[in-house]
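Structure, as structure tokens:
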Amino acid sequence: MNTSATGDQPVTLSSEGPAARSTERPTERRIGRRCLYMPSARLGLYLALRGLVPPGTRVLMSPVNCETVMFAAVAAGLRPVMAPVSPADGTIDVGRIDWDGIGAVVATHLYGLPGEIRRLAAECERRGAVLVEDCAHAFQTEVTGPGGERRHVGTFGAAGVFSLAKHPRAGGGGLLAVDDDVAERLAKARDELLTAPAVGRELPAVIAPLVRDAVFALRLSGPAWRAAKALRIEVAHENDEARVRDLAAAADDTDDLDLTRFDRWMSVGAGGYRVAHSRLLRGAVARRVRLVDGRRARRRRLAGVRVLSALPTAATGVTAFADQPLFRVPLLVADRDAARAALERRGVITTCLYTPPLDDDFGPGLAEPGPTPQIARWWARHALPVDPLQAARALPILRRLVPAVHP
Ligand SMILES: Cc1ncc(COP(=O)(O)O)c(C=O)c1O
């Protein structure tokens with residue numbers, strides 16, 4: 001037992017007992033690295049950046065990204081710098097990085113694609129920059145080395161963070177993969193930030209994945225979308241000047257590294273981002289993880305990736321990973337919004353769009369602009385990420401799509 005960061009309610013530590021370890025162990029065995037269970041991936045990102053990178057460090061990240069990645073860096077007292085973007089896959093274009101003053105890198109494996117992670121890891125090592133892998137979308141991606149050896153993402157950097165809300169579509173949860181020598185320290189830091197599980201409030205997180213599966217299976221796109229939103233599975237993008245201004249003011253106060261000051265931003269789309277999970281929710285999350293790791297689910301996902309990656313609109317960076325069970329297959333299409341609407345009419349909902357790029361959205365005060373804004377905007381405007389599990393249903397629409405003209 002512990003007390004919460006904000007009050008004196010008792011907190012059940014998420015590392016306590018066999019239930020917690022049973023959620024961590026299967027992934028540990030699969031990737032070969034210690035994993036710490038988190039209520040969310042963003043808390044894992046925050047802990048890695050806070051615990052492994054000195055405050056004030058300039059941290060490189062792709063501007064085609066989930067805003068929570070930037071929020072985690074800002075909350076950790078770091079200064080986000082936008083990276084050059086590869087038109088092949090939306091990840092960091094390693095060859096174009098200006099390394100001057102960069103002390104850390106967050107590599108987001110967008111839609112499961114790790115881009116040039118081996119090269120990026122080698123550069124980080126050579127330059128003494130801390131590498132944190134954002135594997136929120138890459139729960140099952142492996143990278144093949146020159147000798148044919150396979151290595152799981154999340155093991156290239158000082159830390160790797162998986163989101164169990166994405167690939168396994170659990171109602172929350174994350175895993176922070178780290179080396180044994182820092183695991184205890186980061187687990188302690190996590191436990192100090194957790195608030196008590198709210199079992200009543202957890203019910204949507206337990207039920208939402210089941211409802212979503214059922215509604216999707218029944219092809220009820222409108223109700224599926226509304227249910228997902230009501231259950232806070234999908235978040236509509238929103239930004240306004242006040243939100244940006246307030247975040248900039250909070251970020252400027254570098255003397256105070258109290259995470260609770262950033263709850264408002266860190267909570268976007270996942271209110272319980274640092275609420276400990278009860279035994280009930282952890283059990284539900286563990287079941288989803290087992291399911292997504294099962295042979296049948298993998299086979300279905302791989303089949304979908306194969307079909308989608310053969311489309312003429314598939315991003316060129318997909319080819320090298322067409323044998324991987326990706327979270328989404330990004331197509332680059334001329335009229336993405338029309339394609340999205342047509343898919344929705346067929347019951348295929350497009351999620352995980354990151355538009356506009358972070359530097360356009362938050363401005364230079366919070367996100368130091370990247371060197372390839374035209375590629376970042378092109379990617380954000382034209383990328384159509386398709387769920388491989390819905391490939392068959394989407395294909396009649398996807399076959400007719402016109403590729404986006406390269407920037
Ligand atoms: C690329 C990326 N990184 C990190 C996160 C954070 O994951 P979580 O919602 O589990 O905190 C998300 C999703 O929100 C994401 O899309």
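What's counted below: heavy atoms across the whole structure, side chains too, no hydrogens, waters or symmetry copies. Every number for a ligand or one of its atoms is a count from 1 in the order of the listing.
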Exercise. F71 vs F362 aromatic rings, parallel, tilted or perpendicular, using cut-offs 30° and 60°?
Worked result: perpendicular

Problem set entry | Plane angle bin for H167 and F327 - parallel if under 30°, tilted between 30 and 60°, otherwise perpendicular | tilted

Identity and distance of the protein heavy atom lying nearest [atom]:
| atom | result |
| --- | --- |
| atom 5 (C) of ligand 1 | T68 OG1, 3.6 Å |
| atom 9 (O) of ligand 1 | R42 NH2, 2.8 Å |
| atom 14 (O) of ligand 1 | K166 NZ, 3.1 Å |
| atom 3 (N) of ligand 1 | D134 OD2, 2.7 Å |
| atom 15 (C) of ligand 1 | C66 CB, 3.4 Å |

Problem set entry | Region of V69 engaging ligand 1 - heavy atom pairs below 4.0 Å | side chain

Seminar exercise, completed: Under 4.0 Å between heavy atoms, the region of Y354 that gets near ligand 1 turns out to be side chain

Exercise. Can you tell if the side chain of F162 reaches within under 4.5 Å of the side chain of I31, non-hydrogen atoms only?
Worked result: yes

Problem set entry | Heteroatom distance test (S163, ligand 1): nitrogen or oxygen, under 3.5 angstrom | yes

Exercise. Does A41 reach ligand 1 with a nitrogen or oxygen that is under 3.5 Å from one of the ligand's nitrogen or oxygen atoms?
Worked result: yes

Problem set entry | Interfacing atoms of ligand 1 (cut-off 4.0 Å, heavy-atom, T108) | 1 (C)

Exercise. Do we get R30 above F139's six-membered ring, with its NZ or CZ under 6.0 Å from the centre and within 45° of the axis?
Worked result: yes

Exercise. Does a side chain donor of either D93 or S86 reach within less than 3.5 Å of an acceptor in the other side chain?
Worked result: no

For this session: Taking atom types as modelled, find out whether Y111 and D89 have a side-chain donor-acceptor pair closer than 3.5 angstrom.
Result: no

Exercise. Which of these, T350, L331, T355, sits in a side chain to side chain contact (heavy atoms under 4.5 Å, CB included) with R336?
Worked result: T355

